[in-house]
> 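The structure is given below, and queries will be raised subsequently.
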Amino acid sequence: MPSSTTPDPTQLKALTHPLRLRLLALLRSDGPATATSLATRLGINTGATSYHLRQLAEHGFIAEDEQRGSGRDRWWRAAAAWTSVQESPEADEVERDTHDAFWQAALTQQVRVLQDAIAARSALSPQWRQLTTSSDVAVWATPEQAQEVSRRVHELFEHLATLPLVGDERPPGTRPLGVQVHSYVVPDHDHPAPEGVEPGAEQDRR
């Protein structure tokens with residue numbers, strides 16, 4: 001399975017639905033599954049699950065696992081280990097709106113995963129409990145400084161990608177470790193620019 005896929009705007013639009021992101025995440029973490037088993041796992045009906053799986057397949061995010069399939073059940077597998085998304089500086093309004101919709105759906109999925117992890121934290125040993133961390137900060141930064149933050153985050157995930165991914169064979173002594181990092185421009189209506197100073201409008205249309 002390829003490590004990463006980079007969707008074009010049309011493909012990305014298929015990931016703006018939170019349920020599709022949940023289905024894709026399960027196929028990546030738990031391996032191949034049928035619509036029936038996924039529907040049971042998520043507590044939704046099989047018809048809706050089948051429809052969203054077909055949409056994911058149509059846009060190349062999953063594929064039918066022909067080695068497992070039978071006349072009755074279609075098995076699906078993830079086509080790549082993760083999705084890499086990058087908005088082009090030349091993106092038009094429709095493409096920018098698609099990216100924004102994707103980030104909203106992705107954040108919904110990420111918050112759900114983190115809440116589930118916190119809810120299950122009480123069952124962990126002290127050794128693992130202390131490894132749950134959360135930090136946040138807001139700073140004044142130029143576009144160049146913000147780009148440097150993004151570069152360092154990318155380096156972190158390149159390192160994480162050298163470890164066995166959840167969905168691969170589980171090494172002894174390990175648990176699934178989730179890592180989420182978000183960097184974003186804080187809406188500046190509460191922090192107006194000094195008089196006579198433009199708040200970076202030339203660099204960032206958003």
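When reading the values below, keep in mind they use all heavy atoms of this one structure, side chains included, and skip hydrogens, waters and symmetry mates.
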> At their closest point, which heavy atom of W128 faces which heavy atom of G173, and how far apart are they?
CZ2-O, 4.2 Å
> Given the rule in the salt bridge (Lys or Arg N to Asp or Glu O under 4.0 Å) test, do E155 and R151 qualify, once you have shown the distances and angles that lead to the verdict?
CA-CA 6 Å; E155 288 182 347; R151 185 189 67 79; 2.4 Å; yes
> Evaluate the side-chain contact (heavy atoms from CB on, under 4.5 Å) criterion for residues Q86 and T6: first the C-alpha distance (whole Å), next the side-chain angles of each, then the deciding distance (0.1 Å), finally the verdict.
CA-CA 8 Å; Q86 182 66 49; T6 303; 5.8 Å; no
> Would the distance check show the side chain of R74 and the main-chain N or O of A35 forming a donor-acceptor pair, the cut-off being under 3.5 Å?
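No; zero donor-acceptor contacts below 3.5 Å.
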> What is the minimum heavy-atom distance between V181 and V153, and which atoms define it?
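Minimum heavy-atom contact is CG1-CG2, 3.8 Å.
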> Going from CG on L38 to CZ on R22, what distance comes out if it is rounded to the nearest 0.5 angstrom?
10.5 Å
> Please answer whether the main-chain N or O of Q104 pairs with a side-chain N or O of T108 as donor and acceptor at a distance below 3.5 Å.
yes
> The test is side-chain contact (heavy atoms from CB on, under 4.5 Å); show your working for D30 and V166 and say whether it passes.
CA-CA 8 Å; D30 296 354; V166 174; 5.6 Å; no
> Indicate yes or no for a side-chain donor-acceptor contact from R28 to the backbone of A80 under 3.5 Å, with no hydrogens or angles considered.
yes
> Spell out, as yes or no, whether a donor-acceptor pair under 3.5 Å connects the side chain of Q11 to the backbone of D8.
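Yes, the answer is positive, given that a donor and an acceptor are paired below the 3.5 Å cut-off.
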> Do R175 and L124 touch side chain to side chain, with heavy atoms closer than 4.5 Å?
yes
> CG of L24 to CZ of R20: how many Å apart, nearest 0.5 Å?
11.5 Å
> Over all heavy atoms of both residues, which pair between V186 and A138 is shortest? Give the atoms and the distance, please.
CG2-CB, 4.4 Å
> Could you verify whether a donor N or O on one side chain and an acceptor N or O on the other, from E90 and S88, lie under 3.5 Å apart?
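Short answer, yes.
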> Could you check whether any side-chain heavy atom of L15 comes within less than 4.5 Å of a side-chain heavy atom of L56, counting everything from C-beta outward?
yes
> Can you tell me how far CG of L19 sits from OG1 of T49, rounded to the nearest 0.5 angstrom?
6.5 Å
> Might you work through the side-chain contact (heavy atoms from CB on, under 4.5 Å) test for L42 and L26, ending with a clear yes or no?
CA-CA 10 Å; L42 297 178; L26 284 175; 3.7 Å; yes
> Would you say R121's side chain and R129's backbone share a donor-acceptor pair under 3.5 angstrom?
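Yes, the answer is positive, given that a donor and an acceptor are paired below the 3.5 Å cut-off.
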> Closest heavy-atom contact between W76 and L27?
O-CD2, 3.4 Å
> Using 4.0 Å as the upper bound for N to carboxylate O, is an ion pair formed by R152 and E148?
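A salt bridge links E148 with R152.
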> In Å and rounded to the nearest 0.5 Å, what is the CG to CD distance from L23 to Q55?
12.0 Å
> Please report the shortest heavy-atom distance between P171 and T174, naming the atom on each side.
O-OG1, 2.7 Å
> Do NZ/NE/NH1/NH2 and the carboxylate oxygens of R96 and E93 come within less than 4.0 Å?
no
> With the side chain counted from C-beta on, respond yes when Q115 and V111 share a heavy-atom pair under 4.5 Å apart, and no when they do not.
yes
> For R77 and P32, which heavy atoms make the closest approach, and how far apart are they?
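Answer, listing the atom of R77 first, then P32: CB-CG, 4.0 Å.
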> Rounded to the nearest 0.5 Å, how far apart are CG of L107 and CZ of R112?
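One finds 11.5 Å between CG of L107 and CZ of R112.
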> Between atom OG of S134 and atom CD1 of I118, what is the distance when rounded to the nearest 0.5 Å?
8.0 Å
> Using the test ring-ring contact (aromatic ring centres under 6.0 Å, His included), find all partners of H59 that sit at least two apart in sequence or belong to another chain.
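Testing H59 for ring-ring contact (aromatic ring centres under 6.0 Å, His included), a comparison that skips the adjacent residues, returns none.
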